[in-house]
Amino acid sequence: MSSRLPLVLCVVWASVATAAPVEPPRLAVVISIDQFRGDYLAKYGPYFGEGGFKRLVEGGTHFANSRHRHSITQTAPGHATILTGTFANVHGVTANEWIDRATWEQVNSVEDPASPLVGITPAELGPVAVGNPAKTGRSPRTLHAETVGDRLKAKYGDKAKIFAASNKDRSAILLGGRKADAAYWDENGKMVTSRYYRAALPAWVEAFNAEQRAHAAFGRTWDRLREPAIYEKLQGPDDEPAESDTAGLGRTFPRKITGGKDTLGPGFFTAFDNTPFAAEFLGAFVERAIVEEKLGKDAVTDLLCVGFSSIDAAGHTFGPDSHEVMDAVLRMDRTIAALLACLDREVGLANCVIVLSADHGVAPLPERVLATNPGASAGRVKSADVDAAAKKALDAAFGALPKGESWFTRDNLGYHLRPAALAAKTVDAAAAAKVVKAALEPLPYMAEVYTRAELVGPTDDGDAMPTLMRRSYRPASDRDVVFVFKPNWVGKAGSGTTHSLPYDYDQHVPQLYFGAGVPKGVMRSERVGVDAIAPTLAKLLGLDPPAQAKAKPVL
Ligand SMILES: [Zn+2]
């Protein structure tokens, strides 16, 4: 079954066919670049090399008008949607973290105490502190929908291999799905997995970790790849006071990557995660995986999922209009080029189907918006101010609670009303939610406030609110009140920026297909959802779509 298709035949298919080839591709590669906004390919395109993004765009079909169609535009739900083709109200992964109403504790989207980490000791994970909580186990147990990988396993059983790798646990785990042979992610410079997948790291992963490739970046200088004038022309000045100074990175080029310390410590890995070196590190790991796991080497389709996370870190720290993000994208182009060259060498690109997309975009630094347009509605929201307005209104309506009691627990942009407080005042949750809504709506940065009653409803009717909100809402366990800031109002105090809102800058991402069965050099402008990726990829691979996917294939 290992006969290789004549190359010339593949080329003919790739150039004229729109249907999947009769023999399925050997390898599907799904590349998700965290926070890779939909405008980046066009904006930075003139500065790309030949072998990376340009090779994919010119050799494939790009849907330049692709959107996430849910409201909580974060990493976990974004990645969960890419290969399930559905939304959090169905797949269950509403946000990166949420409050569990059974315990009133915050849980991580891929947390699973029953699946301890494999390949790293607690000592190597560093001291437990605020911002570095104890890492319990990890698995896709909160993911309740089928992925394209599940369909692959349903058709071929264990002959089809599924590997996922990312700088972040949630990106690897949620792309890989419940049936992945392994998901690997980076913890302080080591690629690790969890007991959900395997009891020990394979020898090749141990060998990769022993090379200490991330550690080797200690003291390395990150400077711009190209002339500073090119960056200034596109992005403005390098120094922007609203950029964060994270882990000794400072606000300007060039910078030495040390974590602000003389010796290698946890701060170094935080700094490293913000640099393109982290994407290069993951690229090297993925190339090793392709060779060592013999991906795409036989006639049964394998699936490789890759989640590059460093542009997200840089975007949070420096904003999308920074020299740093531009340089991270230009260097990402080189990492993609190396990966494509490896796939061509090991599998043959004509035997691959490649999909490139992202989990979400990002908001500009509000200070940048105001500098360009001083009259604009933009700024930073302090969550304590929102909490104070809600508490004041509840106290006024129902009387203050005894000291030490609280009306609610905040969860992303919303509140769970606490049953003990409601019982103490004999108030029902719906009445209290209405009071909170009335108090928050007049806040100058508030766009919309919804109560539970308004979030239980149809989720199929177009892409307007509250449909977007309902797709990110699980009625059985979700919040009593949910709110949305106005565009360009960032829920991050001080400096830097973030994402999580249902606006274009957070929802617009690339949707790029390349390889066997994909028309070449086509730019499509119609609006499509990221939820179309799973059914489209399934079709290209000759599979049924994942059970919960509703969108029609776009190819
Ligand atoms: Zn992010």
Side-chain angles (χ1 to χ4, degrees), residues 29-36 74-76 78-80 82 96 108-110 117-120 124-126 131-132 135 138 140 163-176 180 182-194 197 201 205 208-209 211-218 220 222 246-247 249 257 259 266-290 304-318 324-325 327-329 331-336 338-339 356-360 362 499 509:
V29 184
V30 176
I31 303 169
S32 167
I33 306 177
D34 203 307
Q35 205 189 104
F36 195 75
Q74 294 182 357
T75 294
H79 282 94
I82 289 173
N96 290 342
N108 179 290
S109 54
V110 287
L117 300 198
V118 168
I120 194 157
E124 288 172 307
L125 285 167
N132 187 33
K135 278 249 158 128
R138 293 285 185 261
F163 285 90
S166 174
N167 303 97
K168 283 184 189 171
D169 48 13
R170 53 186 176 269
S171 310
I173 290 168
L174 296 169
L175 284 176
Y184 297 105
W185 61 92
D186 172 11
E187 296 284 0
N188 289 353
K190 292 184 89 176
M191 295 303 290
V192 307
T193 185
S194 89
Y197 305 99
L201 292 181
V205 179
F208 181 87
N209 286 340
E211 290 168 21
Q212 299 210 316
R213 284 165 167 258
H215 302 65
F218 182 79
R220 195 173 158 191
W222 177 20
T246 301
L249 287 167
I257 309 308
F268 162 70
F269 293 107
T270 306
F272 177 77
D273 289 345
N274 275 266
T275 72
F277 308 146
E280 292 169 12
F281 169 77
L282 181 68
F285 179 80
V286 168
E287 289 183 34
R288 192 76 60 90
I290 291 166
L304 171 64
C305 307
V306 188
F308 291 104
S309 316
S310 50
I311 289 177
D312 178 69
H316 280 290
T317 304
F318 305 106
E324 288 83 357
V325 164
D327 198 67
V329 173
R331 288 175 186 271
M332 190 74 240
D333 181 48
R334 293 190 163 193
T335 299
I336 296 291
L339 177 57
L356 186 142
S357 192
D359 50 352
H360 55 75
V362 67
H499 48 84
V509 294

Within the structure provided, determine whether [X] and [Y] are in side-chain contact (heavy-atom separation under 4.5 Å).
| X | Y | answer |
| --- | --- | --- |
| Thr75 | Leu174 | no |
| Glu187 | Trp185 | yes |
| Ile311 | Val329 | yes |

Could you give the distance from [atom1] ([X]) to [atom2] ([Y]), rounded to the nearest 0.5 Å?
| X | Y | atom1 | atom2 | value |
| --- | --- | --- | --- | --- |
| Phe277 | Leu282 | CZ | CG | 15.5 Å |
| Gln74 | Ser109 | CD | OG | 9.0 Å |
| Phe163 | Tyr184 | CZ | OH | 5.5 Å |
| Asp359 | Leu175 | CG | CG | 9.0 Å |
| Glu280 | Phe308 | CD | CZ | 10.0 Å |
| Ile82 | Ile31 | CD1 | CD1 | 11.5 Å |

I'd like to check the ring-ring contact (aromatic ring centres under 6.0 Å, His included) partners of [X]; sequence neighbours left out, ordered by chain and number.
| X | result |
| --- | --- |
| Phe36 | Tyr40, Phe53 |
| Phe318 | none |
| Phe208 | Phe281, Phe285 |
| His499 | His316, His360 |

On a heavy-atom basis, which atom in [X] and which in [Y] lie closest, and how many Å separate them?
| X | Y | answer |
| --- | --- | --- |
| Ala214 | Gly189 | CB-CA, 3.7 Å |
| Val118 | Val192 | O-CB, 3.3 Å |
| Met332 | Ala279 | SD-CB, 4.0 Å |
| Leu201 | Met191 | CD1-O, 3.7 Å |
| Ala183 | Thr193 | O-OG1, 2.7 Å |
| Gly283 | Thr335 | CA-CG2, 4.2 Å |

Donor-acceptor contact present, side-chain Asp169 to main-chain Arg138, <3.5 Å: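 Not a single qualifying donor-acceptor pair exists.
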Identify, with sequence neighbours excluded, every residue that meets side chain to side chain donor-acceptor pair (under 3.5 Å) alongside [X].
| X | result |
| --- | --- |
| Asp186 | none |
| Asn96 | Arg170 |
| Glu287 | none |
| Thr275 | none |

Evaluation steps, side chain to side chain contact (heavy atoms under 4.5 Å, CB included), between Leu125 and Leu117: CA-CA 10 Å; Leu125 285 167; Leu117 300 198; 4.2 Å; yes
Please name all residues satisfying salt bridge (charged side-chain N to carboxylate O under 4.0 Å, His left out) with [X], sequence neighbours left out, ordered by chain then number.
| X | result |
| --- | --- |
| Asp327 | Arg331 |
| Lys168 | Asp34, Asp312 |
| Glu211 | Arg213, Arg288 |

Parallel, tilted or perpendicular: rings of Phe272 and Phe269 (30°, 60°):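 Aromatic pair Phe269/Phe272 classed perpendicular.
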Residue list, side chain to side chain contact (heavy atoms under 4.5 Å, CB included) with Glu124, at least two apart or on another chain: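 In terms of side chain to side chain contact (heavy atoms under 4.5 Å, CB included), with neighbours along the sequence ignored, Glu124 is linked to Ile120, Thr121, Lys190.
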